[in-house]
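What follows is a set of notes on a single structure, which appears directly below.
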Protein chains: 2
Amino acid sequence: MSAPHTGVPALLNTALPSPVPRDEHDQCPVTDVLRRVGDKWTVVVVVLLGQRPHRFNELHRGIEAISQRMLTRTLRGLEQDGLVHREVFPTNPPSVEYRLTPLGASLLEPLSALAEWAITHQPTIAASRGVNIRQPRDT
Amino acid sequence: MSAPHTGVPALLNTALPSPVPRDEHDQCPVTDVLRRVGDKWTVVVVVLLGQRPHRFNELHRGIEAISQRMLTRTLRGLEQDGLVHREVFPTNPPSVEYRLTPLGASLLEPLSALAEWAITHQPTIAASRGVNIRQPRDT
DNA sequence: CGGGATCCGGTGTGATACTG
DNA sequence: CAGTATCACACCGGATCCCG
C-alpha cells in the first residue's frame, strides 16, 4: 500500500493534537522522543548497548568521537528516561556497567524502521540536496 | 511479552560503522535523518502535509505555536531534502502550496512506528523521569 | 576508572519588523 | 499571502581541568 497520502498511519494523526498545541512548550510524546533520539549520540549509545552491556570507558573507546562529558550526559538522559540501567560495581578500581532496560531494548525496533528508511533513501536525499540548492546563503 | 527483539538490531548494527567514525563530522545517514526529524517542527509539518497539501499560512494557522521563520526554515529543509514539493501559483495574491513528495510520504511509515512507541511508552518514561529525577549521589 | 565543573563557540529557536 | 532581515537567547556539544 504505497500510496502518497492514503497509507498515512492514522496513528500520527492521533498523535497530533489536531490544531497543534498552542502552548509555548509542547508535551507531545512523539516530539519528545524524537528530540531525545535526535541528539547527536543517543542512538549510537543505544545501539551499542543493544549489542551487550558496556562499561563507561568501553563505550568511550567504542565511540572515539564522543567526549566524556557528552557520553555522561547521554547516559544520564537515557537513565533518567528508564531506557538504560546503570549498575556500579564496588571493585578496586570502580567500574560501572550500562545496559539497556527492556524499555530501551524495545526502542530498537521502531528505531530500526527509521534507520532502514534512512539507509535506503540516503542517496536520494543527498542527490536532492545537491540539486535543490536555492540561494547560496552567504553566512 | 518478554521483549523478544527478533532480528531487530541487525540492521542498526549494519548502519553503525562498527568502531564508530572517528572523523569530526559524521555522515551516518541514520544520524543525519534523525537529526532532521529531531528538530522541533519537521515532524508536525510532515504529518500535516501527509494529510493533504497545505498552503503556507494554512500550515501557519494549523501550528499556531510556530513562527513564520521556523515554518519557512522547516519547509526549506524538507524541500531541499526532496521530502516536500513547493509549488507557486501566480494568483493575484501569491499563493504557494506545499505537498509531500513520494519520498516524504514514505517517511511517514517508519515515523509512525516510532510515534507508536513514543505514545505507548510515554507514561512509563514520564514516570521514570519523576523517579530518577536526580541522582546526584547514590548513597 | 568514572565521572563532575567550568568555559566557550556554533546553532537551533523565537520575537519583531519589513517587503514584494 | 508568503515570505526575508535582524537581533537575541537558550541550549547543545566540545575541550580542558580536576576529583573520588
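Proteins come first, then strands; the chains are lettered A, B, ... in the order of their sequence lines, and each starts at number 1.
Closest approach to the R86(B) side chain among dG3(C), dG14(D), dG3(D) is made by dG3(D) (side chain taken as heavy atoms from C-beta onward). Across dG3(C), dC1(D), dG3(D), the shortest atom-to-atom separation from the side chain of R61(B) is found for dC1(D). Closest approach to the M70(B) side chain among dG3(D), dA2(D), dT13(C) is made by dT13(C) (side chain taken as heavy atoms from C-beta onward). In this structure, the nucleotide among dG14(C), dG3(C), dG2(C) sitting nearest to the side chain of T72(A) is dG3(C).
Under the rule for a side chain to side chain contact (heavy atoms under 4.5 Å, CB included), the partners of V96(B) that lie at least two apart in sequence or sit in another chain are R86(B), V88(B), Y98(B). Qualifying side chain to side chain donor-acceptor pair (under 3.5 Å) partners for T42(A), counting only residues two or more places apart in sequence or in other chains: D39(A). Residues satisfying the side chain to side chain donor-acceptor pair (under 3.5 Å) test with R99(B), not counting sequence neighbours, are none. Every residue meeting the side chain to side chain contact (heavy atoms under 4.5 Å, CB included) condition with T72(B), not counting sequence neighbours, appears here in chain and number order: F56(B), R76(B). With sequence neighbours excluded, the residues forming a side chain to side chain contact (heavy atoms under 4.5 Å, CB included) with S67(B) are R69(B), M70(B), listed by chain and number. Remark: R73(B) engages no residue in a side chain to side chain donor-acceptor pair (under 3.5 Å) (not counting sequence neighbours). Remark: E58(A) pairs with R52(A), H54(A), R55(A), R61(A) by the side chain to side chain contact (heavy atoms under 4.5 Å, CB included) rule, at least two apart or across chains.
One interatomic measurement links the two molecules: CG of L71(B) to P of dT13(C), which rounds to 13 Å at whole-angstrom precision. Between the NZ atom of K40(A) and the C1' atom of dG12(C) there is a distance of 14 Å, rounded to whole Å. With rounding to whole Å, F56(A) atom CZ is found 7 Å from dG2(C) atom P. Following rounding to the nearest Å, R76(A) (CZ) and dG2(C) (C1') show an atom-to-atom distance of 9 Å. Following rounding to the nearest Å, L75(A) (CG) and dC1(C) (P) show an atom-to-atom distance of 16 Å. R73(B) places its CZ atom 10 Å from the P atom of dT11(C), with the value rounded to the nearest Å. Following rounding to the nearest Å, E64(B) (CD) and dA15(C) (C1') show an atom-to-atom distance of 15 Å. The distance from atom CD of E58(A) to atom P of dC1(C) is 12 Å, rounded to the nearest whole Å.
Annotation for A113(A) and A113(B): closest pair CB-CB, 4.3 Å, computed over non-hydrogen atoms.
Taking the C1' atoms of five terminal pairs at each end of the helix from dC1(C)-dG20(D) to dG20(C)-dC1(D), the two resulting helix axes are inclined by 40°, rounded to 10°.
Using a 4.0 Å heavy-atom criterion, one finds that Y98(B) contacts the sugar-phosphate atoms exclusively.
Residue whose closest nucleotide on DNA chain D sits further toward the 5' end, between R55(B) and D39(A): R55(B). Between Q68(A) and P94(A), the residue whose closest nucleotide on DNA chain D is further toward the 5' end is Q68(A).
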Measure all distances between protein nitrogen or oxygen atoms and nitrogen or oxygen atoms of nucleotides 6-8 of chain C, and list the pairs falling under 3.5 Å.
unit_1, atom_1, unit_2, atom_2, d
dT6(C), O4, R69(A), NH1, 3.2

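At least one donor-acceptor pair under 3.5 Å links the side chain of H60(B) to the backbone N or O of I66(B). When atom types are taken as modelled, the side chain of S128(B) and the backbone of Q80(A) share a donor-acceptor pair closer than 3.5 angstrom.
Between dG14(C) and W41(B), a contact under 4.0 Å exists linking OP1 or OP2 to a side-chain N or O.
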